[in-house]
Participant: 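Next up is a structure, given as C-alpha cells.
All values derive from a computational prediction rather than experimental measurement. Read the numbers this way: they start at 1 and go in the same order the structure lists the ligands and their atoms.
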Amino acid sequence: MEILRSPREIAQMRKAGLLVWEVHRRASSMIRPGVTTAEIDAAVDGFFVRHNAIPLFKGVPGEVPFPAATCISVNDEVVHGIPGSRKLVEGDIVSIDTGCKLGGWCGDAAATYPVGRIAPDVQRLLDVTRNVLSLAIALLDRRQRWSQVAAEMELYVKKHKFSIVEAFVGHGIGREMHEDPQVPNFVDHKLRRGSGDFRLAKGLVIAIEPMVNMGNKRVRTKPDHWTQVTVDGMPSAHFEHTVAITENGPLVLTAGPNGESW
Ligand code: MG
C-alpha cells in the first residue's frame, strides 16, 4: 500500500531531490570523449559525501552488492551499469542514474546524455524517452489512476516505433528508495486486473523511470550480475524523476531550483 506524504514531508524530500539534480549537473558537465565512467562516479560520490548525503545505490543487495554511487549505462546498456575503466567515445549515449538520502529522505533521478555528436536516430531515442517521462508527469493530476498514465506512455512510445522495457519499473519513494507501489511504464497484467493499480492521490511520491529501446524490448543481465543490456545490441535510453502530487499539481522533486528538468 502506498504512503501519502504531508506538504512538510514533501518539502524535506525536495531538499534531497535538489541535491540529486545538482549532482546530475556536475556529472553531465564531465561527459566528453576520453572520460571514464569511474571518474564520473567518483565525482558523484564525493559530492554526496561533501553534502552529508548518503549515496543510495552503493551496497544495494544482489548476487554481489552494487559497488558504486551511480549506475552508468552506455549505448546498449539499459540500466544498472557498473562504473569502471570504460572511456566514453564520441557518438556514445550515457545514462547516469543516481540517488541519495538527505535528512532521512530519498531522491532518485536518471538521464541519458549524448557524448559529442550522435546519430539522428539515437537523438530521436533520447527525445522520445525524455518526452514520455514529461508526458507521464503532466498527466499525474489529469488522470485518476496510474494505469491510465501507463497506457498513454506505452502508446506514445509505440507510435514512435520504439519499445518500452518491461523488465524494470519505477517505484514509490520516501524514507526508502524503493517503496510501494511499483510504477510500470506500460499496462501489465496486474494493472489490467486492477490489483497493481493505484489512485493518483495528493501526497503520492513516485519515481517514474521509462526505459526505451530502439529495437525490441528484450534485455539480459551481463556476467557482472548487474548490467542490463539489450538482447539485440541496439541502444537504450532512460530518464527518471522523483515526482510528488501536490495541491498545486505535480511537483518534480529532482528538478532544478527553478523547476528546470533535463
Ligand atoms: Mg529509480
Participant: Before accepting this row, confirm whether a basic side-chain N of the pair Glu179/Arg5 lies closer than 4.0 Å to the acidic partner's carboxylate O.
Facilitator: yes
Participant: Has Glu176 got more than 12 heavy atoms of other residues, nucleotides or ligands less than 6.0 Å from its CD?
Facilitator: no
Participant: A quick test of your reading: do over 12 heavy atoms of other residues, nucleotides or ligands sit less than 6.0 Å from CD of Gln182?
Facilitator: no
Participant: Distance below 2.8 Å from the Mg ion (ligand 1): how many protein N/O/S atoms qualify?
Facilitator: 4
Participant: Check the pair His238, Phe168 against ring pair (Phe, Tyr, Trp, His ring centres under 6.0 Å), reporting the backbone distance first and the verdict last.
Facilitator: CA-CA 11 Å; His238 179 209; Phe168 298 93; 9.3 Å; no
Participant: A side-chain contact here means heavy atoms from C-beta on lying under 4.5 Å apart; do Lys58 and Phe66 qualify?
Facilitator: no
Participant: Step by step, work out the salt bridge (charged side-chain N to carboxylate O under 4.0 Å, His left out) result for Lys159 and Glu154.
Facilitator: CA-CA 9 Å; Lys159 198 174 71 189; Glu154 197 172 7; over 6 Å; no
